[in-house]
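Have a look at the structure below before the remarks.
Everything numeric here is computed off the predicted structure, so don't read it as measured data.
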Amino acid sequence: MFHPPGSKMVDTDFHDRPGGPLAMPGTYTVRLDVGDWSATQSFDLVKDPRVTTSDEDLQEQFDLMTQIRDRLSDIADGVNGCRSLKKQLGEWAGHLGDMDGGADAAAAAGALTDALTEVEEQLVQPEFTTPGDTLNYREKLFEKLDSLPPVVSSADARPTKQSYAVFEKLSGQAEGPLGELARLIEEDLAALNESIAGLGLGAIHA
């Protein structure tokens with residue numbers, strides 16, 4: 001009984017979707033829909049009677065696991081945005097380079113691609129494709145933060161101070177590249193789209 005997982009990073013089989021937190025003890029409702037017919041039934045999730053952890057401590061664990069899932073989703077969404085834009089820019093750069101008056105726009109597309117690659121490589125290690133790659137390349141933010149949920153959920157207990165500290169540090173470190181991605185879209189991509197429009201063409205979509 002887990003809550004929904006987070007965002008899936010595209011173009012990778014190595015990086016899994018961030019898992020959702022284990023549901024808290026309580027009363028829930030399940031609904032079955034078949035055509036126009038629907039039925040509901042309530043049920044209770046209860047703690048293992050051997051677990052003496054308070055509901056307050058379990059709630060602390062649930063809340064931190066939720067924050068980790070959401071932050072990993074932010075990072076995955078950022079990586080997905082970088083990769084989508086880079087694909088579009090790659091297609092546009094060649095087209096613009098062949099056009100009269102398109103050299104400046106093509107150069108801007110190349111510069112934006114480089115900037116997006118820099119952001120992406122702060123968020124995730126794209127060289128990770130198999131477990132053995134972890135011996136040859138450094139972990140980045142996604143991999144570091146993704147190693148925290150197994151620690152937090154390893155016992156029916158309130159998260160440790162160290163777990164909170166690790167989350168706050170890594171979550172804070174994500175602000176820089178995610179903010180830079182937003183700036184690149186708002187400023188650099190907007191300027192490039194203006195140049196493309198001046199050539200009578202369409203636009204690149206974030």
* Taking 4.0 angstrom as the limit, do Arg183 and Glu186 come out as a salt bridge? -> no
* To do: Just do the side-chain contact (heavy atoms from CB on, under 4.5 Å) check on Ser163 and Leu148 with the steps written out, would you?
  => CA-CA 7 Å; Ser163 291; Leu148 187 56; 4.1 Å; yes
* Asked: Is there a donor-acceptor contact under 3.5 Å from the side chain of Glu143 to the main chain of Gln125?
  -> yes
* In Å and rounded to the nearest 0.5 Å, what is the CD to NZ distance from Gln162 to Lys169? -> 13.5 Å
* Determine, using the 4.5 Å side-chain heavy-atom cutoff (strictly less than), whether Val79 and Val10 are members of one ILVMFWY cluster. => no
* Does Ala190 offer a backbone N or O that forms a donor-acceptor pair with the side chain of Asn193 under 3.5 Å? -> no
* Minimum side-chain heavy-atom gap Val46-Pro25 below 4.5 Å -> no
* Asked: CG of Leu96 to CD of Glu91: how many Å apart, nearest 0.5 Å?
  -> 11.5 Å
* Asked: What are the two closest non-hydrogen atoms of Asp146 and Pro150, and how far apart are they?
  -> O-CD, 3.8 Å
* **Salt bridge flag under 4.0 Å for residues Asp11 and Lys87** => yes
* Structure fact -> For residues 130-161, the ring pair (Phe, Tyr, Trp, His ring centres under 6.0 Å) pairs (sequence neighbours left out) are His15-Phe142
* Asked: Does Met65 belong to the same Ile/Leu/Val/Met/Phe/Trp/Tyr cluster as Leu45, with side-chain heavy atoms less than 4.5 Å apart forming each link?
  -> no
* Asked: Taking only residues at least two apart or on different chains, which pairs with a member in residues 38-58 satisfy salt bridge (Lys or Arg N to Asp or Glu O under 4.0 Å)?
  -> Lys47-Asp55, Asp48-Arg50
* To do: Examine distances only and state if a side-chain atom of Arg17 and a backbone atom of Ser7 form a donor-acceptor pair shorter than 3.5 Å.
  => no
* To do: Is it possible for you to say whether Leu22 and Val30 belong to one hydrophobic cluster, with membership spreading through side-chain heavy-atom contacts below 4.5 Å?
  => no
* To do: Check whether any side-chain N or O of Arg158 sits under 3.5 Å from a backbone N or O of Thr53 as a donor-acceptor pair, and report yes or no.
  => no
* For atom CG of Asp13, is the number of surrounding heavy atoms from other residues, nucleotides or ligands below 6.0 Å larger than 12? -> no
* To do: Decide side-chain contact (heavy atoms from CB on, under 4.5 Å) for Leu116 and Arg83; before the verdict, give the C-alpha distance in whole Å, the side-chain angles of both, and the deciding distance to 0.1 Å.
  => CA-CA 8 Å; Leu116 290 167; Arg83 291 177 176 176; over 6 Å; no
* Please answer whether the main-chain N or O of Thr113 pairs with a side-chain N or O of Thr117 as donor and acceptor at a distance below 3.5 Å. => yes
* Checking side-chain contact (heavy atoms from CB on, under 4.5 Å) for the pair Val124/Ile75: CA distance, chi angles, key distance, verdict? -> CA-CA 8 Å; Val124 71; Ile75 295 172; 5.5 Å; no
* To do: Taking all non-hydrogen atoms of both residues into account, name the closest pair between Asp33 and Ser38 and its distance.
  => OD1-OG, 2.7 Å
* Structure fact -> For Leu199 and Gly101, the nearest pair of non-hydrogen atoms, with its separation, is CD2-O, 3.7 Å
* Asked: Can you name the closest pair of heavy atoms from Arg69 and Pro21 and give their distance?
  -> NH1-CD, 3.8 Å
* Asked: Any idea which heavy atoms bring Val152 and Gln61 closest together, and the distance?
  -> O-NE2, 3.0 Å
* Do Phe14 and Met9 have side chains that get closer than 4.5 Å, going by heavy atoms? -> no
* Asked: Under the 3.5 angstrom rule, does the side chain of Ser147 hit a backbone N or O of Lys144 as a donor-acceptor pair?
  -> yes
* **Value rounded to 0.5 Å, distance of CG in Leu72 from CG in Leu145** => 4.0 Å
* **Listed partners of Lys8 passing salt bridge (Lys or Arg N to Asp or Glu O under 4.0 Å), at least two apart** => none
* **Contact check, side chains of Leu201 and His95, non-hydrogen atoms, under 4.5 Å** => yes
* Any chance CD of Glu194 has more than 12 other-residue heavy atoms, nucleotides or ligands included, within less than 6.0 Å? -> no
* Is Val119 linked to Phe128 within one hydrophobic cluster, defined over Ile, Leu, Val, Met, Phe, Trp and Tyr using a side-chain heavy-atom separation of less than 4.5 Å? -> no
* Asked: Yes or no on salt bridge (charged side-chain N to carboxylate O under 4.0 Å, His left out) for Glu120 and Lys140, after CA distance, side-chain angles and deciding distance?
  -> CA-CA 10 Å; Glu120 178 185 342; Lys140 299 299 178 67; over 6 Å; no
* Structure fact -> Looking only at heavy atoms, the pair that brings Ala93 and Ala106 closest together is O-CB, 3.8 Å
* Asked: Are Leu58 and Ile68 connected in a single hydrophobic cluster, I mean Ile/Leu/Val/Met/Phe/Trp/Tyr linked by side-chain heavy atoms less than 4.5 Å apart?
  -> no
* Asked: Roughly how far apart are Leu141 CG and Leu178 CG, rounded to 0.5 Å?
  -> 8.5 Å
* Ile196 side chain near Leu192 side chain, heavy-atom distance below 4.5 Å -> yes
* To do: State, with a plain yes or no, whether a side-chain heavy atom of Met1 is found less than 4.5 Å away from one of Tyr28.
  => no
* Euclidean distance, Asp77 CG relative to Asp70 CG, rounded to 0.5 Å -> 10.5 Å
* Take Gln67 and Tyr164 through the side-chain hydrogen bond (donor to acceptor under 3.5 Å, both in side chains) test and state the conclusion after the steps. => CA-CA 10 Å; Gln67 292 178 65; Tyr164 282 110; over 6 Å; no
* Quick one: SG on Cys82 to CD1 on Ile185, what's the gap to the nearest 0.5 Å? -> 7.5 Å
* May I ask you to decide if Glu168's main-chain N or O and Ser171's side chain share a donor-acceptor pair within less than 3.5 Å? => no
* Glu118 atom CD: more than 12 heavy-atom contacts under 6.0 Å -> no
* Say whether, by atom type as modelled, one donor and one acceptor occur between the side chain of Gln88 and the main chain of His205 under 3.5 angstrom. => yes
